[in-house]
Student: 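Provided herewith is a single structure, encoded as structure tokens, for subsequent inquiry.
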Amino acid sequence: CRAPEYFFIAKDIEVQQVYEQGLSLNELFIVNSSGIKTHRDDFVIDFNADDLTSRIQKFYDLDYSDAEIKTKFELKDNRDWNLSEARQAGIFETTAIKDVLYRPFDYRKIYYDSNLIDFCREKVMKNFHNGKNLGLVLKRSRLLGGTFHYRHTAICNSLCDINFLADQSFVFPLYLYPETTHQQSTEETNHRTPNLNQKLVKQIAENLGLTFTDEKETTANTFAPIDILDYIYAVLHSPNYRETYKEFLKSDFPRVPYPDINTFWQLVKLGGELRQLHLLEKSTNQGLNSSQHSLARSSNLGLYPSYPIDGDNIITRKLNKNDFEITDIENQRGRVWINNSQYFDNVPQTAWEFYIGGYQPAQKWLKDRHGRVLTIEDIKHYQKIINALIETARIMREIDLLTDGQVK
């Protein structure tokens with residue numbers, strides 16, 4: 001029973017001491033914040049940019065009374081926001097419509113304006129709409145007891161919602177962009193600096209025997225911020241790491257072992273593959289073309305999930321456990337029914353049940369579209385999600401083999 005926590009549960013202090021010697025991610029990344037908290041998601045976030053545009057334009061149209069707008073869009077005043085004042089203070093701006101990573105694999109459109117959003121988290125989020133960037137998404141756990149499984153690691157490349165991981169999600173941008181002014185040149189506004197503690201980076205460089213560079217170079221014996229990010233992303237996806245340190249992952253942002261040159265580049269490679277999979281940048285499309293007929297008849301795709309039945313593509317099922325039907329017991333694969341006649345086939349049970357944060361993306365993505373018509377692009381997107389989850393499970397096993405000696 002050790003100060004200052006005085007935990008009333010058994011903890012392996014020896015393992016804890018090893019864990020605490022690791023690299024604190026909260027100290028490594030200089031700037032972070034929780035994701036965007038709108039307090040009115042249904043109003044400022046939408047699947048479709050045109051529908052969102054129409055809604056916001058109507059909000060600012062003063063031909064409608066405040067009472068009409070309040071009723072039509074089910075808006076309420078709160079401590080930080082007043083509908084009437086917001087209508088008088090702003091105008092519709094096309095440039096305010098941006099991409100937001102709302103849930104895992106789920107990009108939507110947001111009207112990003114502090115006049116309509118209670119907490120924009122501009123200090124962090126400005127680094128995503130001012131240029132290309134990546135962000136590590138983590139949860140700061142505060143669970144002192146009970147059952148806990150660490151799976152609260154994700155990646156973003158755009159604005160990110162606070163409930164991205166089903167709880168308060170924190171975003172750690174890889175780079176910071178300068179404040180923009182009318183006097184700055186394009187070169188100045190595009191210049192970015194790593195959002196990394198240089199003292200810790202120096203220690204990492206010394207341990208690895210490599211030279212750190214602000215941007216990725218092809219020069220030998222150098223490493224860059226993206227390599228650090230990919231290394232961290234790999235380690236945080238190690239099942240062995242998650243199990244060994246689960247008691248300590250309950251109480252703060254995670255720590256990871258300092259990289260070892262013997263495994264560093266291999267973990268960077270695997271972490272990079274995971275990053276690309278989770279941003280759906282890595283191609284998982286097995287030659288599908290854009291026609292509905294091709295999608296519906298994709299029976300020769302081997303392990304790739306197919307969508308074999310034509311229909312109206314409307315999701316009418318509530319997507320509970322009864323809507324996943326095992327059809328291949330030996331390989332634990334089955335069908336995900338979206339209505340009474342249509343389904344995604346050849347979906348592994350591991351992908352269907354896979355967690356990212358508090359969500360099971362293969363289920364959550366469909367549940368959030370209940371009552372909607374799936375477009376061809378939606379169908380292809382869901383197939384990519386399933387394949388990304390299949391590949392994630394495989395890569396996690398590879399990572400475990402590499403981290404076995406580092407995780408004690």
Side-chain angles (χ1 to χ4, degrees), residues 25 29 31-49 51-53 55-56 73-76 78 80-81 86 95-142 151-174 195 233 236 253 275 277-281 354-370 372 378 381-382 385 388-389:
L25 301 187
F29 290 89
V31 173
N32 75 79
S33 79
S34 54
I36 297 167
K37 189 173 185 178
T38 74
H39 279 161
R40 50 196 67 86
D41 285 10
D42 291 342
F43 180 62
V44 297
I45 296 176
D46 205 297
F47 295 103
N48 184 281
D51 292 342
L52 180 58
T53 296
R55 194 157 62 237
I56 303 301
F73 298 121
E74 299 181 350
L75 297 172
K76 296 179 180 179
N78 63 25
D80 302 303
W81 189 79
T95 55
I97 295 183
K98 301 182 183 297
D99 291 324
V100 61
L101 196 46
Y102 190 64
R103 300 291 182 265
F105 303 110
D106 193 348
Y107 287 93
R108 302 190 192 182
K109 297 296 181 180
I110 186 170
Y111 191 78
Y112 188 71
D113 185 344
S114 59
N115 193 45
L116 296 180
I117 295 174
D118 284 9
F119 301 99
C120 281
R121 317 295 190 198
E122 179 66 16
K123 181 179 179 181
V124 163
M125 296 303 158
K126 70 181 180 67
N127 298 294
F128 291 92
H129 59 251
N130 288 344
K132 292 182 179 180
N133 210 348
L134 294 166
L136 187 64
V137 187
L138 303 171
K139 177 184 173 183
R140 186 174 193 173
S141 301
R142 295 295 191 189
R151 48 205 177 202
H152 300 92
T153 301
I155 198 82
C156 71
N157 58 359
S158 67
L159 304 180
C160 185
D161 186 75
I162 191 170
N163 291 314
F164 177 69
L165 293 173
D167 204 339
Q168 190 169 20
S169 308
F170 286 80
V171 179
F172 297 73
L174 186 59
N195 178 34
Y233 206 56
L236 292 179
F253 290 118
R275 166 175 53 82
L277 281 168
H278 295 172
L279 294 174
L280 298 182
E281 294 174 344
F354 195 96
Y355 274 91
I356 295 179
Y359 296 120
Q360 294 170 293
Q363 302 177 37
K364 178 65 174 171
W365 192 89
L366 290 173
K367 286 178 181 179
D368 284 354
R369 286 156 178 77
H370 183 263
R372 297 182 65 86
D378 287 336
H381 185 90
Y382 186 73
I385 291 174
L389 296 174

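Computed over heavy atoms, backbone and side chain alike; hydrogens, waters and symmetry mates excluded.
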Student: Starting at CG of Leu174, measure out to NZ of Lys132 and round the result to the nearest 0.5 Å.
Tutor: 14.0 Å

Student: Tell me if the CG atom of Asp51 is crowded by more than 12 foreign heavy atoms within 6.0 Å.
Tutor: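 Atom CG in Asp51 is crowded, with more than 12 foreign heavy atoms closer than 6.0 Å.
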
Student: If you define the side chain from C-beta out and look only at heavy atoms, does anything of Phe105 sit under 4.5 Å from His278?
Tutor: yes

Student: Quick check: do Asn195 and Asn127 have side-chain heavy atoms less than 4.5 Å from each other?
Tutor: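 Asn195 does not reach Asn127 side chain to side chain.
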
Student: Are any of the side-chain heavy atoms of Phe128 and Val100 separated by less than 4.5 Å?
Tutor: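 The answer is no; the side chains never approach within 4.5 Å.
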
Student: Run Tyr102 and Ile110 through side chain to side chain contact (heavy atoms under 4.5 Å, CB included) and show every step you take.
Tutor: CA-CA 9 Å; Tyr102 190 64; Ile110 186 170; over 6 Å; no

Student: Side chains of residues 354-362: which donor-acceptor partners sit under 3.5 Å, not counting sequence neighbours?
Tutor:
{"from": "Tyr359", "atom 1": "OH", "to": "Arg103", "atom 2": "NE", "distance (Å)": "3.0"}
{"from": "Tyr359", "atom 1": "OH", "to": "Asn163", "atom 2": "O", "distance (Å)": "3.3"}
{"from": "Gln360", "atom 1": "NE2", "to": "Glu353", "atom 2": "O", "distance (Å)": "3.1"}

Student: Within the structure provided, determine whether His129 and Glu122 are in side-chain contact (heavy-atom separation under 4.5 Å).
Tutor: yes

Student: Just verifying a value: how many Å separate Ser33 OG and Gln168 CD, rounded to the nearest 0.5 Å?
Tutor: 9.5 Å

Student: Rounded to the nearest 0.5 Å, how far does CG of Asp161 lie from OG of Ser34?
Tutor: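 Ser34 atom OG to Asp161 atom CG measures 10.0 Å (nearest 0.5 Å).
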
Student: Holding to side-chain contact (heavy atoms from CB on, under 4.5 Å), I want the full list of residues that pass it with Arg55, two or more places apart in sequence or in another chain.
Tutor: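 Once residues adjacent in sequence are excluded, the partners of Arg55 under the side-chain contact (heavy atoms from CB on, under 4.5 Å) criterion are Phe43, Asp46, Leu52, Phe73.
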
Student: Would you say the side chain of Met125 lies within less than 4.5 Å of the side chain of Ile36, judging by non-hydrogen atoms?
Tutor: yes

Student: In chain order, what residues pass the side-chain contact (heavy atoms from CB on, under 4.5 Å) check against Asp378, with sequence neighbours excluded?
Tutor: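 Residues passing side-chain contact (heavy atoms from CB on, under 4.5 Å) with Asp378: Trp365, Leu374, Thr375.
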
Student: Can you check side chain to side chain contact (heavy atoms under 4.5 Å, CB included) on Thr38 and Tyr111, steps first, answer last?
Tutor: CA-CA 10 Å; Thr38 74; Tyr111 191 78; over 6 Å; no

Student: Do Leu75 and Trp81 come within less than 4.5 Å of each other through their side chains, counting heavy atoms only?
Tutor: yes

Student: Mind checking the SG-CG spacing from Cys160 to Leu101? Nearest 0.5 Å is all I need.
Tutor: 5.5 Å

Student: Would you say Arg40 and Asp118 make side-chain contact, with heavy atoms under 4.5 Å?
Tutor: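 Yes, at least one pair of side-chain atoms sits under 4.5 Å.
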
Student: Kindly say whether Ile162 contributes a backbone atom to a donor-acceptor pair with the side chain of Ser169 at under 3.5 angstrom?
Tutor: yes

Student: Report the residues that fulfil side-chain hydrogen bond (donor to acceptor under 3.5 Å, both in side chains) with Tyr382, sequence neighbours left out, ordered by chain and then residue number.
Tutor: none

Student: Go through the structure and list residues passing salt bridge (charged side-chain N to carboxylate O under 4.0 Å, His left out) with Arg108, not counting sequence neighbours.
Tutor: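 Arg108: salt bridge (charged side-chain N to carboxylate O under 4.0 Å, His left out) contacts with Asp106, Asp368.
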
Student: For Thr53, enumerate each residue passing the side-chain contact (heavy atoms from CB on, under 4.5 Å) test, keeping only those at least two apart in sequence or located in another chain.
Tutor: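 If we apply the side-chain contact (heavy atoms from CB on, under 4.5 Å) test to Thr53, skipping adjacent residues, the hits are Gln57, Phe92, Ile97.
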
Student: I need the Ile155 CD1 to Leu277 CG distance, nearest 0.5 Å.
Tutor: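 Here the rounded value is 12.0 Å.
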
Student: For the pair Tyr112 (side chain) and Cys120 (backbone), establish whether a donor and an acceptor sit closer than 3.5 Å, ignoring hydrogens and angles.
Tutor: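 Side chain of Tyr112 to backbone of Cys120, a donor-acceptor pair under 3.5 Å: yes, one is there.
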
Student: Would you mind reporting whether Leu159 and Asp99 have side-chain heavy atoms less than 4.5 Å apart?
Tutor: no

Student: Show your reasoning for whether side chain to side chain contact (heavy atoms under 4.5 Å, CB included) applies to Val171 and Phe164.
Tutor: CA-CA 10 Å; Val171 179; Phe164 177 69; over 6 Å; no

Student: Between Arg275 and Leu134, does the side chain to side chain contact (heavy atoms under 4.5 Å, CB included) criterion hold? Intermediate values first, please.
Tutor: CA-CA 10 Å; Arg275 166 175 53 82; Leu134 294 166; 3.7 Å; yes

Student: So, taking the atom named CG in Leu136 and the one named OG1 in Thr153, what distance separates them when rounded to the nearest 0.5 Å?
Tutor: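 Rounded to the nearest 0.5 Å, the CG-OG1 separation comes to 6.5 Å.
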
